Amino acid sequence: MPEALTVRRLSLAFSGLRAVDDLSFEVCEGSVCGLIGPNGAGKTTILNCLTRIATPDAGAVSVFGEDLLARPVHALAGLGVMRTFQNLELFSELTALDNVAMGCAAGHRAGWAAELLGLPAARRAREIAYARAEETLAALGLQAVGDRVVADLPFGTQKSVELARALVARPRLLMMDEPAAGMNTAESAALGRAIRDLARERGMTILLVEHDMGLVMSACDRIVVVVQGRRIAEGTPQEIRADRQVIEAYLGQAAA
Ligand SMILES: Nc1ncnc2c1ncn2[C@@H]1O[C@H](COP(=O)(O)OP(=O)(O)OP(=O)(O)O)[C@@H](O)[C@H]1O
């Protein structure tokens, strides 16, 4: 499979602290890649570099053959790149359906002027956005919560709504930052199945940052392990589970 994401010699320091240190890895199209490591290893900073929230000091990133760092932040959606956040970035006073519909690119296509004037094109775009939002919620088993205000939902369900909002834009590359945090075992297992299905059935490429090792080991095709911003191992879940350095640096404590 061709590479969906290629990271080459990426580095970023915060006042001397090397949060990302000469990091290279690649993710094949249609696969699920886990990015794991202890607290403070640099995982979120890596995602921030890959989504243009942070600017690396050095290195190159290409997404589907395009030089990502040469693109403005607002061009990421056009490249098919979406991200979910460790701390929820939902509008908590709006319903789940409203939040998901907002993630739909089709909803913005009519433009703000048409929206303000209530033109038919804007109404049509809105209808498409809401129909897709309903479909996406249903695909994640969330149809029952569409009309609920997000603030009233359990945290694990809010995380799934955030995933739905990313999926409604139909990304080709989805980066997820700790999607299972706050989920119970059943929710996390369902999330693992959903992630696998997205890759297998829709050909989506997924980069998964997660501490839930059950989810990582069951959902990922390959795993990259970072410690202090550096890659210490890369391989299949079986290889990573058996890697002495990974066990010493991370899995020992993750399993504890
Ligand atoms: N904006 C910032 N300014 C200064 N230091 C930062 C900043 N963001 C992150 N760091 C530091 O960079 C290092 C990597 O942090 P990061 O949040 O990327 O780790 P992480 O692997 O995502 O951790 P966790 O698993 O706890 O979420 C940490 O030492 C952190 O304190």
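Numbering of ligands and ligand atoms starts at 1, following listing order. Computed from a predicted model, the values in this text were never measured in an experiment.
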Can you tell whether the side chains of Arg172 and Glu29 come within less than 4.0 Å, N to carboxylate O?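 Salt bridge: yes.
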Basic-acidic side-chain contact under 4.0 Å: Glu135, Arg132: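 No, Glu135 and Arg132 are not salt-bridged.
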Between Val61, Leu35, Val63, which is the residue that forms a side chain to side chain contact (heavy atoms under 4.5 Å, CB included) with Leu50?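 For Leu50, the side chain to side chain contact (heavy atoms under 4.5 Å, CB included) test succeeds with only one of Val61, Leu35, Val63, which is Val61.
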For Leu174, run the side chain to side chain contact (heavy atoms under 4.5 Å, CB included) check against Thr205, Leu163, Val81 and tell me which one passes.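 Exactly one candidate clears the test, Leu163.
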List every atom of ligand 1 that sits less than 4.0 Å from any heavy atom of [X], numbering the atoms from 1 in the order shown and giving each element.
{"X": "Ala41", "value": "19 (O), 20 (P), 21 (O)"}
{"X": "Thr45", "value": "9 (C), 14 (C), 15 (O), 16 (P), 18 (O)"}
{"X": "Glu178", "value": "25 (O), 27 (O)"}
{"X": "Leu17", "value": "11 (C), 12 (O), 13 (C), 29 (O)"}
{"X": "Ala19", "value": "12 (O)"}

Backbone N or O of Val150 within a donor-acceptor pair of the Ser92 side chain at under 3.5 Å?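 Judged by distance alone, no pair lies under 3.5 Å.
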Nearest to [atom], what protein heavy atom do you find, and at what distance?
{"atom": "atom 26 (O) of ligand 1", "answer": "Asn39 OD1, 3.1 Å"}
{"atom": "atom 27 (O) of ligand 1", "answer": "Gln86 NE2, 3.3 Å"}
{"atom": "atom 13 (C) of ligand 1", "answer": "Gly40 O, 3.7 Å"}
{"atom": "atom 8 (N) of ligand 1", "answer": "Phe14 CE1, 3.5 Å"}
{"atom": "atom 17 (O) of ligand 1", "answer": "Thr44 CB, 3.9 Å"}

With a cut-off of 6.0 Å (strictly less than), are more than 12 heavy atoms of other residues, nucleotides or ligands near CZ of Phe91?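 No, the 6.0 Å shell around CZ holds no more than 12 heavy atoms from other groups.
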Around Arg196, counting heavy atoms of other residues, nucleotides and ligands shown, do more than 12 lie under 6.0 Å from its CZ?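 Yes, CZ of Arg196 has more than 12 neighbouring heavy atoms, counting only those of other groups under 6.0 Å.
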I'd like to know if atom 20 (P) of ligand 1 has any protein heavy atom within a distance of less than 4.0 Å.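 Yes.
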Ring-face cation contact, Phe25 with Arg231, 6.0 Å cut, 45° max: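 Not satisfied by the 6.0 Å and 45° rule.
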Looking at ligand 1, is there an atom of it that comes within less than 4.0 Å of some heavy atom belonging to Gly42?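 So Gly42 counts as touching ligand 1.
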